[in-house]
Amino acid sequence: MEYLKEIAWLIGGPQGSGVDSSASTFAKALASGGYHIFGGREYHSNIKGEHSYYQIRASDKEVRSSVNQVHMLATFEEETLHIHKGYVIPGGAILFDPTLVKETDIGRKDVVLVAVPYMELIKQIATEFGKEKDVQKLAVMKNVLSVAASLALLEYPFDLIAKTVESFFKTKKPKLVQMNVRGAEIAYNYVRENYAKSPFPYRLKPIPVPAGEKRTFLTGTQAAALGKIIAGCRFQTYYPITPASDESEFLESHPEFGCVVVQCEDEISSICMAVGAAVTGVRASTATSGPGFCLMVEGMGWAGINEVPVVIFDYQRAGPSTGLPTRFEQGDLKFALNAGHGDFPRIIMAPGDMDEYFFDAIDAFNYAERYQLPVIVLNDKNLANSTKTVRWFDYSGAKVDRGFLLSDEALAKYIKSNGNGNGNFKRFHFEENGMSPRPVPGQVGGVFWNTGDEHDEYGHITEDPDLRLRMMDKRMKKLETASKEIPLDKKIKTYGPKDADCLVVTWGSTKGAILDAMEDLEKEGIKVRLLQICLINPFPTPEVMKELSQAKIKVGAEMNYSGHLCGVIRENTGIAMDSMILKYTGRPMKKDEMVDALRNIVKKAEKKVVLTHGA
Amino acid sequence: MEYLKEIAWLIGGPQGSGVDSSASTFAKALASGGYHIFGGREYHSNIKGEHSYYQIRASDKEVRSSVNQVHMLATFEEETLHIHKGYVIPGGAILFDPTLVKETDIGRKDVVLVAVPYMELIKQIATEFGKEKDVQKLAVMKNVLSVAASLALLEYPFDLIAKTVESFFKTKKPKLVQMNVRGAEIAYNYVRENYAKSPFPYRLKPIPVPAGEKRTFLTGTQAAALGKIIAGCRFQTYYPITPASDESEFLESHPEFGCVVVQCEDEISSICMAVGAAVTGVRASTATSGPGFCLMVEGMGWAGINEVPVVIFDYQRAGPSTGLPTRFEQGDLKFALNAGHGDFPRIIMAPGDMDEYFFDAIDAFNYAERYQLPVIVLNDKNLANSTKTVRWFDYSGAKVDRGFLLSDEALAKYIKSNGNGNGNFKRFHFEENGMSPRPVPGQVGGVFWNTGDEHDEYGHITEDPDLRLRMMDKRMKKLETASKEIPLDKKIKTYGPKDADCLVVTWGSTKGAILDAMEDLEKEGIKVRLLQICLINPFPTPEVMKELSQAKIKVGAEMNYSGHLCGVIRENTGIAMDSMILKYTGRPMKKDEMVDALRNIVKKAEKKVVLTHGA
Amino acid sequence: MALEVKELKTDFHNDWCVGCGDFGILNAIHMALAGLGKQRHEIAMFSGIGCSGKTPHWINTYGFHTLHGRGLPFAIGAKLANPELTVVCVGGDGDGYGIGAAHFLNSGRRNVDITYIVFDNGVYGLTKGQASPTLHRGEKPKSLPLPNINDNNNPLAVALCSGYTFIARGYSYDVKHLKDLILRGINHKGFALIDVLQPCPTYNNLQTKEWFEGIVEDEETGARVKGNPRVYKLEESGYDPVVKNPANLEEVEHKMSQAFLKTQEWGDRIPIGVLYQIDQPDYGARIAQRMPSYAKVSPAKMPFYDLATGKTTTDITPLLKDFQVV
Amino acid sequence: MALEVKELKTDFHNDWCVGCGDFGILNAIHMALAGLGKQRHEIAMFSGIGCSGKTPHWINTYGFHTLHGRGLPFAIGAKLANPELTVVCVGGDGDGYGIGAAHFLNSGRRNVDITYIVFDNGVYGLTKGQASPTLHRGEKPKSLPLPNINDNNNPLAVALCSGYTFIARGYSYDVKHLKDLILRGINHKGFALIDVLQPCPTYNNLQTKEWFEGIVEDEETGARVKGNPRVYKLEESGYDPVVKNPANLEEVEHKMSQAFLKTQEWGDRIPIGVLYQIDQPDYGARIAQRMPSYAKVSPAKMPFYDLATGKTTTDITPLLKDFQVV
Ligand SMILES: Cc1ncc(C[n+]2csc(CCOP(=O)(O)OP(=O)(O)O)c2C)c(N)n1
Ligand SMILES: Cc1ncc(C[n+]2csc(CCOP(=O)(O)OP(=O)(O)O)c2C)c(N)n1
Ligand code: SF4
Ligand code: SF4
Ligand SMILES: [Mg+2]
Ligand SMILES: [Mg+2]
């Protein structure tokens, strides 16, 4: 018998059958016992019926990725059993429904097979509650049962389970609280009674939480939406698309913050409406995914030439085209970087964990307003749909920077000191740093124009070659200014020792698997350093050069076919990576395959590793 | 008195006032006298009234660009005089209307000022033709008059002028032939009589044409459209946009070739309709410019994942956004290269002269069908609207390559030899080279599916990670195959000596100014070599590396702010340019500023030269 | 030799929700195509993206599952390039009337000879039940946290005002009736729009089968009782949608006006059947008028090179001569 | 203190063709805005791309010359973000009814309180006279090499079927009448569409001033003679477009039907004036119903941070508590 510090558990089932709630329940039961959680969710582009699954990892340390092999697999139908039974560690456990599958047919003698007679237990509950007639309807309780059964095997205290089940149903279906808590109890007891003596070695017990530490349990879209609220985003447009719409729907369901959310007729409308809103001074944003982003290019270019602060969250999913709409890829980097005909400045950020999802949202609006340009935040499906325990967001230090936006008073003063010949405003006044003072419609004395055409300082169309040249220079200058002003830790982050055996360069959520792998590799004696590029544009060339030049082996790791970031690095620094770790099956990189890949690169100098784990 | 081998002449005036026809008439009069012509056209995004101008260069050798300083300036109103009078070489001539401007007010004592009393001469013609009442309407004849007056000063034989004027009006306004020829004569004689003794030193006379050489006088859109016709393009969609629509309208006005041209409701429809057509086996294409291309990204991605051969002509104009809609920039390269979320294969070509506009169109369709992917051809406003004498297109050697498209017979045979279980066709059969046999709707036994989702070999949706991986590999493999198969001279072209003082790397129509400059620099003893990248994707890395590694000074020259091609080269080769010559005023690079820039780079090691010539 | 329905089915796994109205439409399409007397290879199905968009994968003809909102331009491209094909396009209400509305509106101007079937369920099914353009303001299906803030649009009325020459509404649970509509639509020479009332039991608990058919639950017994069906058939009400003489502008105006009134009916009485039909030259005929070759050989099959040598057989010499200077 | 027309003019160089109908519309807008009693800074003009799209540059208010076909979403975004602004959007017929048709159609579903003026000249002016969506089939204005192959669409009818609450048509040479329409449109609380017949003398020699006004050239003398004007004013014909009681569905249906018939008139008789008007809650009111703060302070002005310290004043503690696990 061994008390685990870390466990991986997986549950699967048809979409719409409650897999997600089961996983959340399992996760929260452990989270409330002090564990750190990472939950990874996989599902089809389908509403009901296709196979989906959810892996929960819990640990006494932070966890940030999934693994290939789990300790326990909870199933209540055959497909999940079939697909996942091979991915349970020897000595682990599989929960299954004995009325559907014979123990001997499972073919895993090296794991503990826990037969949970779901319907029998449910009948028992039904009887207790006088609902014998509704047994079929109560079949959904399999979910709660499988969670309770799993935790029973781990001898995890029942009260934490009961509390979680209770709070889950209290908000969603208050009438069902009692029955489900009782259901959990029955399943729990059933397993305790029948499998107390099983050879299953693992146990889990609540662990202490550092004093004063508060944690929340969130998805990426929730973290991002919360960030937007704090950032002061009060106008959000969207057109439904997986996995971005969750963010907008979350904002919409919280009207108490005053954020207008408009469901548009398409993404063209989404970007144009957000930009139209942004010119009035509201902090405005839109959220989408690849196919929708395709339709936003022209509107973003208009914001670019008109120096309108607008924030675009692109939740990357696996392309090209419709691709794997519910799966993950980091395949939009080069598109985001180069979307639009002609050069215009943009800032591109790539948050890689829940904290960054939250805080980058705040920075994004600050950058957008300070530098008066579109900011693209490259989120992704991996974190959008994953759940994680995160330290309580402490946003007390976050500051709002509205750049050169003029208050009514400032505008009046500016006009006075600059003279105001014709009563119009030089919205695009040439300034050294590229940023001009900015009034908004409704303000006296601020009348200006915007046009998609090249313009003069008032914003009127011009085709004068000299003005054109200066306006291009002015606009692009802002990126130089941004490069100077944005602090190092917002550009890149590094983890691990300087004298590492290799330097892994990555961006976005792939960071999670690498950090997790680094801990394992350290135990093997392999030292890995991680360079996370947080600011993709303007590219932090000198900072990256410095890190790369000190590296023994330079490894690019990203979730796409061609190595987008590796290309961008080489374009900016001339430096090619020694090795690449790529994955493009639509499933996020797992810790264990990352460990293997890095080991092979360090030990066998592999040049390119294509990862493939995950059903 | 000096017989020129080369002359530059400029005419200007309000848009819609006949500047273009004047310039064509001038050009054709010289072209028919054996001269090579390059005509560069500048105009506003306006229908009537704004200043436009047209520069004609004629030479006994090929000319491919404009120059900053002209020998002669023809004007008939004040604005043109005002804008361009500073750009006449000392000793050159300015034609002006003495009723509008006093000779002494022009302020150029170093040039010959030719006063052409336009209205007086027109009145004379009117009287001759009994149209005294219509004198105002006949004011448009100023155009013909200014052309004739210009050529009179050059003592160019009148019969060639008469012939050109005659043939111009014969097709457009047959009733006016006589009057205009007579008008030309009157102006010609007027100048001969009044300025025979002027100090203007330059003369022009017809020169021999090499035996058997036939030449046409064309715009870029016409060359491209002709190429499409020969290529077998029989379906073209478009949405009006400057400068691309000319191509579609030309195709539309020649129904004799059977090419269906559909004016769509937008560019989304244009790309989707072209792709929808292409799946049926027709060679299909669309033509647009930056803003329209923005809207095509999603549709192009669909063609990418479904391996549909579709050809997109992007006539680049100055961005970002609406930008300078009638001006020139090479600002779409990186966008074209990276447009779309997720990786999919595409071929990108960049023709740089009229011949390439024609022949690349043919290659484009061959590549599209052979490799079953979207092909983007990066044309531009510069050549689209320029006129040039070009050697008669000899397309007898051009071959059609339909790749793995199956004829009915081939399909029947293929099915037989492969077995045909369920009567459906594996459209995406895994093949070593990436390309699968391709039937089209209407063919027996070829039934397949297409979907924007990832798919299996039949084209049905799949989310299987392994199939996904293989399909990605299969699709991307095509670029490797293309790299192997496409011959060197379609990838890069080189001009000038190997032991040159510097190597200029460029793409697209900027080649013209460089080639012209090289001839001048050679006379100064500066040897320049030009590397033109014709195939942008798949990038010809080894071929380019080889050239770059042998260069003394590596110079990137392109028409954009950030040096798109320079970036792409560095990304692919790691090699940075030593110097860059950039221009982004919307006006094409001129020969003379290119000469200066290259001289400064070679002699003074300048790192970056931003060109600015052109009103 | 006509096809049997079963030959038009595929063995591709169907993943629509149990009880989805889409099944009825799929069946009706199968039956209509079987009734057409064509072979599988002569038919091309197009679709947008959505639950509805997956349809072609379950129909054993050439199938093109395109982009969200873009089914029409793809389908039109194919039809114009090869007019010999029977082209049917399907899509969702969000797909066609929302993001695809520019194509929806402007397709009326072309009258391309295709059939367009819209699965009208009031929600964005595949993205989890957001309001689609046909959901009425104030309605709150179970998928919405708050009542719908947008008005609905009226696709049949819009079609009527946009040049559509065949406008019909079907109901997904009246499969035979729908089959007939689809057949009529395909046989109509021109653009045929068939909007199909399609219950989405998963997200839309307002416009349900029960609602359309007037089935109510008896409050006492809980039994399902037939009340007044909302859906009724135009043809059974003596309605005649067909313009007999398209040159008779008075008749056209009359038929349009009556159709307009029918498009306004909703709530207690919802007409299905053909609302309006008129004969007008289709786009192919218009192209052929400009380009006589079009009537003889489709662009997809037009020869342009020598199959043996690969050399072009197109001669542009006359054109080049126009441009010749020396 | 109301503005004078001259204060609403800018000195930005106007480059429309001599004789363009656009001038009349520009004048009418100037006059209407002057008549509004607002100040320059309270007004925001939006436009798409085209000859028409340049309009804001000649109006001395905040001006946004946006993208081809996208004037509406930009304008709507601004209005919703700051409802205190008077927002007017202008655009071309190609712009609004062609490429922008998805927004045109779906804007009817929202009834945002803005005014949309469409310069309807039957051609794509700025790209040199290609057929726009309102040009009729078979017509061949001088800019086209061959007769138009597409049918026209009928924007007023489409608007009527798409939830528009104010639908009118103006004529660019009846500036006073147009000015009144624009004022009415702006004062209408909701989405007002004003389609303006706008001769484009450069490219469209069919729908000319002469054609609209029935001016003909006497064959003998060549003199211009007044014939029967095609354009007539609805208000002068006793037509009443206004729905008095929006809750009275019969009245609504009646007013819609009569408007529908009016939208069908073209050729010899072309109505101008208001075709249909109804009072419905605008989008702002609908948002305010969900989000009461919206009625009090516009998003553009909502405070969210401390001006002195830059620190956020938003408190998400209650929300975080929902997510708290330990
Ligand atoms: C450009 C783009 N935006 C958004 C999506 C996401 N998306 C997929 S299906 C769908 C809506 C489907 O609704 P509907 O068209 O009504 O079809 P249904 O599922 O109801 O049949 C959306 C918005 C997409 N695929 N492409
Ligand atoms: C996406 C995009 N496609 C095409 C164009 C080119 N374009 C500029 S103006 C215009 C048409 C203008 O016609 P209309 O909207 O009727 O306005 P008008 O000029 O007649 O006032 C077009 C197609 C563009 N600017 N953007
Ligand atoms: S979500 Fe609705 S429309 Fe989609 S398959 Fe399920 S029931 Fe059908
Ligand atoms: S082209 Fe037509 S619409 Fe445009 S400015 Fe000239 S006359 Fe007016
Ligand atoms: Mg739907
Ligand atoms: Mg127009």
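Rounding to the nearest 0.5 Å gives a distance of 8.5 Å between CD of B/Glu252 and CE of C/Met291. Remark: C/Gln324 CD to B/Arg215 CZ distance equals 11.0 Å, nearest 0.5 Å. Distance check, rounded to the nearest 0.5 Å: OG1 of C/Thr314 to CD1 of B/Ile230 gives 5.0 Å. For the atom pair OG1 of B/Thr462 and NE2 of C/His13, the computed distance is 11.5 Å after rounding to the nearest 0.5 Å. One distance of note links CG of C/Asp11 with NE2 of B/His460; it measures 7.0 Å at 0.5 Å rounding.
Between B/Val390 and C/Phe323 the shortest side-chain heavy-atom distance does not fall below 4.5 Å. Put simply, the side chain of B/Val262 reaches to within 4.5 Å of the side chain of C/Arg110, judged on heavy atoms. Put simply, the side chain of B/Thr280 does not reach to within 4.5 Å of the side chain of C/Glu84, judged on heavy atoms. Counting only heavy atoms from C-beta outward, the side chains of B/Ile268 and C/Arg70 approach each other to under 4.5 Å. Residues B/Ile461 and C/His57 have side chains in contact (heavy-atom distance under 4.5 Å, counting atoms from C-beta outward). Contact check for C/Phe74 versus B/Trp302: side-chain heavy atoms found under the 4.5 Å cut-off. At least one side-chain heavy atom of B/Asp266 sits under 4.5 Å from a side-chain heavy atom of C/His103. The shortest side-chain heavy-atom distance between C/His65 and B/Trp449 does not fall under the 4.5 Å cut-off.
Heavy-atom pairs under 4.5 Å with chain B were tallied for C/Leu320, C/Leu80, C/Leu85; the largest tally goes to C/Leu320. Across B/Val209, B/Asp401, B/Leu226, the residue that shares the most heavy-atom pairs under 4.5 angstrom with chain C is B/Leu226. For the set B/Ala31, B/Pro439, B/Gly281, the count of heavy-atom pairs under 4.5 angstrom toward chain C peaks at B/Ala31. Of the residues considered (B/His254, B/Lys28, B/Glu213), B/His254 shows the highest number of contacts with chain C, using heavy-atom pairs under 4.5 Å. Considering only heavy-atom pairs separated by less than 4.5 Å from chain B, the leading option among C/Thr66, C/Val87, C/Thr313 is C/Thr66. Looking only at heavy-atom pairs under 4.5 Å with chain B, the residue among C/Leu67, C/Asn82, C/Ile43 that has the most is C/Leu67. With chain B as partner, the option from C/Ala44, C/Ser107, C/Pro56 having the largest number of non-hydrogen pairs under 4.5 angstrom is C/Pro56. Ranking B/Gly301, B/Gly452, B/Gly459, B/Gly446 against chain C, the residue ahead of the rest is B/Gly446, based on heavy-atom pairs under 4.5 Å. Comparing B/Val282, B/Asn450, B/Asp453 by how many heavy-atom pairs each has under 4.5 Å with chain C, the most go to B/Asn450. Top candidate by heavy-atom pairs under 4.5 Å with chain B, chosen from C/Gly63, C/Gly310, C/Gly100, C/Pro318, is C/Gly63. Ranking B/Gly299, B/Pro255, B/Cys272, B/Ala277 against chain C, the residue ahead of the rest is B/Cys272, based on heavy-atom pairs under 4.5 Å.
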Test log, rule side-chain contact (heavy atoms from CB on, under 4.5 Å), inputs B/Lys399 and C/Asp306 = CA-CA 9 Å; B/Lys399 285 223 176 155; C/Asp306 185 287; over 6 Å; no
**Report entry** Derivation of the side-chain contact (heavy atoms from CB on, under 4.5 Å) call for B/Phe425 and C/His41
**Finding:** CA-CA 11 Å; B/Phe425 192 88; C/His41 65 276; over 6 Å; no
Self-check item: Steps toward side-chain contact (heavy atoms from CB on, under 4.5 Å) verdict (C/Thr317, B/Trp392)
Solution: CA-CA 10 Å; C/Thr317 312; B/Trp392 193 270; 4.0 Å; yes
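Only the side chain of C/Thr10 comes within less than 4.5 Å of a heavy atom in chain B; its backbone stays farther off. No part of B/His455 comes within reach of chain C, as not one of its non-hydrogen atoms sits under 4.5 angstrom from that chain. Proximity to chain C involves both the backbone and the side chain of B/Ser269, based on heavy atoms less than 4.5 angstrom apart. Contact annotation for C/Leu319: only side-chain heavy atoms (C-beta onward) come within less than 4.5 Å of a heavy atom of chain B. Heavy atoms closer than 4.5 Å to chain C are found nowhere in B/Tyr35, neither backbone nor side chain. Proximity to chain B (any heavy atom under 4.5 Å) is shown, for C/Ile76, by both the backbone and the side chain. The contact between C/Phe64 and chain B is made by backbone and side chain atoms together, counting heavy-atom distances below 4.5 Å. Using a 4.5 Å cut-off between heavy atoms, C/Ala102 touches chain B through backbone and side chain atoms alike. Contact annotation for C/Lys301: neither backbone nor side-chain heavy atoms come within less than 4.5 Å of a heavy atom of chain B. Proximity to chain C (any heavy atom under 4.5 Å) is shown, for B/Ser167, by neither the backbone nor the side chain. For B/Ala27, no part sits under 4.5 Å from any heavy atom of chain C, backbone or side chain. Only the side chain of B/Arg402 comes within contact range of chain C, judged by heavy atoms closer than 4.5 Å. Contacts of C/Ser293 with chain B are made by side-chain atoms alone, with heavy-atom separations under 4.5 Å and no backbone atom involved. If you measure heavy-atom distances from B/Phe235 to chain C, the contacts under 4.5 Å come from the side chain alone. Contacts between C/Asp315 and chain B at a heavy-atom distance below 4.5 Å involve backbone atoms as well as side-chain atoms.
The two residues B/Phe257 and C/Met302 make their nearest non-hydrogen contact at O-SD, 3.9 Å. Of all heavy-atom pairs spanning C/Asn60 and B/Val447, the tightest one is OD1-CG1, 3.8 Å. When every heavy atom of C/Pro299 is checked against every heavy atom of B/Val260, the shortest pair comes out as CG-CG2, 3.7 Å.
The aromatic rings of C/Tyr62 and B/Phe448 stand perpendicular to each other, their planes meeting at an angle above 60°, with 30° marking the opposite boundary.
Annotation for C/Gln289: atom CD does not count as buried by contact number, only 12 or fewer foreign heavy atoms lying within 6.0 Å.
A salt bridge does not link B/Glu265 to C/Arg109: none of the charged nitrogens lies less than 4.0 Å from a carboxylate oxygen.
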